[in-house]
Amino acid sequence: MKELRGKIADITKRRGIYWGAYEIYGGVSGFYDYGPVGALLKKNLLDIWLEEFVYSDGLLFIDAPAIGPDSVYRASGHVDKFTDYMVRCTSCGHAFRVDELIKDFVDNPDLLTPREIEKIIEENDIRCPDCNGKFGKVEEFHLMFSTTIGLDKRGFLRPETAQGIFINFPTLYRINREKLPMGVAQIGKAYRNEISPRQGVLRQREFNMAEIELFVDPEEKFNEELIEDIELPLLTKDGVELKINAKEAYKSGLANGYIIYYMQKILSFLKNIGINVSKIRFRQHHREELAHYSKDTWDCEILISNGWTEVIGIAYRGDYDLKRHMESSGADMRAFRKFEKERKIRINKIVPRMEILGPRYKAAAMKIARAMEDMEFEENTVHGTLKIEVDGHVYDVPEEAYEVINVEKKVSGERFLPHVIEPSFGIDRLIYSIIEHTYYERQDTGYKVLRFPPRLAPIKVGILPLMAKDSLDSIAREIMKEMRAAGINGYYDESGSIGRRYARADEIGVPFCITVDYQTKEDNTVTIRERDSTKQKRINKDELKDTLKKLVAEEISFEEL
RNA sequence: GCAGGCGUAGUGUAGUCUGGCAGCACAAGGGCCUUCCAAGCCCUUAGCCCGGGUUCAAAUCCCGGCGCCUGCACCA
């Protein structure tokens, strides 16, 4: 399997799919450049993602900033939970993770403050394991990249794109005309300062994500019609591997209905982009490995040469994020749920008469009025002069300064925090998986091919003259111009033998090649060669543009020609 | 971060032990040839990870750094 990784590393670099970034300066691990082929591959992949997850379900698509203020990531829990503490030896300078050093002295290192940690180190005289030197002050090691906003405001590069959606929930909810379920999608880069990222593009410090936050009313009954009659490959938290029908999985309560819904969509999506369906499974997280925000998570794992690899996560985040942002920002992050039937409630309320309170209490009037409004009492128990305490003063409010109302009020609904189901796609891992799963070598020759589906293929067509002479070349160039004018990404190649040129195209997954040969000059036909079958069909040059468009959009298949 | 291994044209490698002209294959570019799947021939481009030291002389020996790989740790 290691051999496969080597071959893929070769092809990705040589043919311009991706490579390690900042190469001329020695490289920085965890950063990659997508080259001309890879950048288009990613773009096409995201287009398909938009079609299959966003347009098809009418989701809202947004684009929020990558840098956020301290307050946002404090509220989200990342500042606390995405941090490790470390100490540096004052004599040799080596750094150590605190929890490793003190784990023999305390039960739960994660709960301590930096001060407490310093105290424990001093009391137990913990020394540097390397040189026995003394330790300095406790420092934070953030998995988040921190930066400065303006002169001195602390900011972070987002470790996930999700917060940009949660923060905007009230606005988006209004734009969606206050309807749930509401799905919001975002594509963008996220940043994590991994200590030692390896495994190539599978673990990067700057990576591409496509995320959906589906906001639902936890009390609303799930629409069972969303569940299809298909088989899901699951691995539950108890280690049970099973293939189970989606309907059955839903009925048995194995996972939230929307999680199952997304499992179905993900299966079909992965199939469409060239992933081998027999190498997909959904693995449920154990309690201990759940992220700080999640109640239940299912990873979509794909089997590649590294083993089963998490590529997509479907997390049930509950109301964690909205709640935290509501508490810390004070904004109302709730949605409104209409009761089936209007409810009637009795209201016993004091209505202050401001025209009397105002002149009488001046500046304190508003506060007194609020306090009166907030009073709770039984019907017919309030009359006469009221003693109202505000800021330590007790005011006597006479009867004529208020009115008591006892009314029956209609209540049509209530406010609540929606729950969130979050499918989160690791785009770079997906791209790597696609490359591994679409890679094959021809049986007879061993030549390398990437079997990209036409819709995904970065380059759709190669246009080749059989010979670069006898005006075959000029006809081919003419065709290339036509293709480009029609918005089909193609290239012209006359170098080397025809077989060599086909092989070149195969390596970057070009699905179709047009060859201009001598017969073209006689009857105005060219051949279309399909990558995987290497079969050719003759087609009139004038139909080329329309035919190719359909082939590339996968509206027709090559066999149907 | 720790331990071990490694770092030579775009890619894969030889040369390193034992210091003395940096070589091969593939790829790429140009040309000849060629009537459908990497044919052949000629030419060309292109490299010792970075810095310091030892030496008449360093890809080779020493030191430091950076990067990569494997394992541990970390990470979803």
Exercise for the section: Write down the distance between CD1 (Ile17(A)) and P (U11(B)), rounded to a whole number of angstrom. Expected result: 15 Å
Problem - Pair partner, G64(B) [Watson-Crick or wobble, under 3.5 Å] - result: C50(B)
Exercise for the section: Nearest whole angstrom, please: distance from the P of C75(B) to the CZ of Arg429(A). Expected result: 14 Å
Practice task
Give a yes/no verdict on a cation-pi contact between Arg529(A) and Tyr502(A), requiring under 6.0 Å between NZ or CZ and the six-membered ring centre and an angle within 45° of the axis.
Solution key: yes
Practice task
Send over the distance from Phe512(A) CZ to C36(B) P, rounded to a whole Å.
Solution key: 23 Å
Problem - Arg501(A) CZ to A28(B) C1', straight-line distance once rounded to whole Å - result: 16 Å
Exercise for the section: Kindly write out the residues that satisfy ring-ring contact (aromatic ring centres under 6.0 Å, His included) with Tyr320(A), not counting sequence neighbours, or none if the list is empty. Expected result: His292(A)
Practice task
Kindly indicate whether the side chain of Arg529(A) and the base of C37(B) share any N or O donor-acceptor pair separated by less than 3.5 Å?
Solution key: yes
Exercise for the section: Name all residues meeting the ring-ring contact (aromatic ring centres under 6.0 Å, His included) criterion together with Phe156(A); count only those two or more places apart in sequence or in a different chain, and write none if there are none. Expected result: His142(A)
Problem - Distance test, side-chain N/O of Ser497(A) to OP1/OP2 of A38(B), below 4.0 Å - result: no
Exercise for the section: If C41(B) has a Watson-Crick or G-U wobble mate with both distances under 3.5 Å, name it; if not, just say none. Expected result: G31(B)
Practice task
For Asp517(A), report the nucleic acid contact type (base, sugar-phosphate, nothing); a contact means any heavy atom under 4.0 Å.
Solution key: base
Practice task
With sequence neighbours left out, write down each residue that passes salt bridge (Lys or Arg N to Asp or Glu O under 4.0 Å) with Asp10(A), or none if nothing qualifies.
Solution key: Arg14(A), Lys448(A)
Problem - Between C75(B) and C17(B) - P atom distance, rounded Å - result: 43 Å
Exercise for the section: Could you tell me if the ring centre of Tyr32(A) sits under 6.0 Å from that of Trp19(A)? Expected result: no
Handout entry: Partner nucleotide of G23(B) by Watson-Crick or wobble geometry (both distances under 3.5 Å)
Key = U13(B)
Handout entry: Whole-Å C1' distance, U8(B) and A46(B)
Key = 13 Å
Exercise for the section: Under a 3.5 Å limit for both distances, which nucleotide forms a Watson-Crick or G-U wobble pair with U55(B), could you say? Expected result: none
Fill in the blank from the handout: Nucleotide by nucleotide, nucleotides 40-52 of chain B touches protein heavy atoms under 4.0 Å in the pattern (B base, S sugar-phosphate only, - none) -------------
Practice task
Measure the distance from CD on Glu507(A) to P on G10(B) and round it to the nearest whole Å.
Solution key: 18 Å
Problem - Base of C37(B) paired with side chain of Tyr447(A) (donor-acceptor, under 3.5 Å) - result: no
Completion exercise
Checking C37(B), G67(B), U35(B) against the side chain of Ser29(A) (C-beta onward), the nearest is G67(B)
Handout entry: Residue whose nearest RNA chain B nucleotide is more 5′ - Asp506(A) or Asp10(A)
Key = Asp10(A)
Exercise for the section: Answer yes or no: does a side-chain N or O of Lys13(A) lie under 4.0 Å from OP1 or OP2 of G10(B)? Expected result: no
Handout entry: Watson-Crick/G-U partner (both atom distances under 3.5 Å) of A73(B)
Key = none
Problem - Separation between the C1' atoms of A14(B) and C24(B), rounded to whole Å - result: 7 Å
Exercise for the section: Would you please name every residue forming a ring-ring contact (aromatic ring centres under 6.0 Å, His included) with Phe145(A), sequence neighbours left out? Expected result: none
Fill in the blank from the handout: Between CD of Gln204(A) and P of C68(B) the distance, given in whole Å, is 12 Å
Handout entry: Interatomic distance where NZ belongs to Lys7(A) and P belongs to U11(B) [whole Å]
Key = 18 Å
Exercise for the section: Before giving the answer on side-chain contact (heavy atoms from CB on, under 4.5 Å), spell out for Leu456(A) and Ile434(A) the whole-Å C-alpha distance, their side-chain angles and the decisive distance to 0.1 Å. Expected result: CA-CA 10 Å; Leu456(A) 183 69; Ile434(A) 290 169; 3.8 Å; yes
Practice task
Look at Thr297(A) and A76(B) and indicate whether a side-chain polar atom (N or O) is within less than 4.0 Å of OP1 or OP2.
Solution key: no
Practice task
Measure the distance from CG on Asp473(A) to P on U35(B) and round it to the nearest whole Å.
Solution key: 15 Å
Problem - Check: Glu436(A)/Ser305(A) side-chain N/O donor and acceptor closer than 3.5 Å - result: yes
Fill in the blank from the handout: In short, salt bridge (Lys or Arg N to Asp or Glu O under 4.0 Å) pairs touching residues 29-39 of chain A with sequence neighbours left out are none
Practice task
Taking atom P in both A59(B) and A73(B), compute the distance separating them and give it to the nearest angstrom.
Solution key: 41 Å
Problem - Donor/acceptor link under 3.5 angstrom from Arg5(A) side chain onto base of C69(B) - result: no
Handout entry: Any Arg504(A) side-chain nitrogen or oxygen under 4.0 Å from OP1 or OP2 of A28(B)
Key = yes
Problem - Pairwise C1' distance, C69(B) and C26(B) [rounded to whole Å] - result: 24 Å
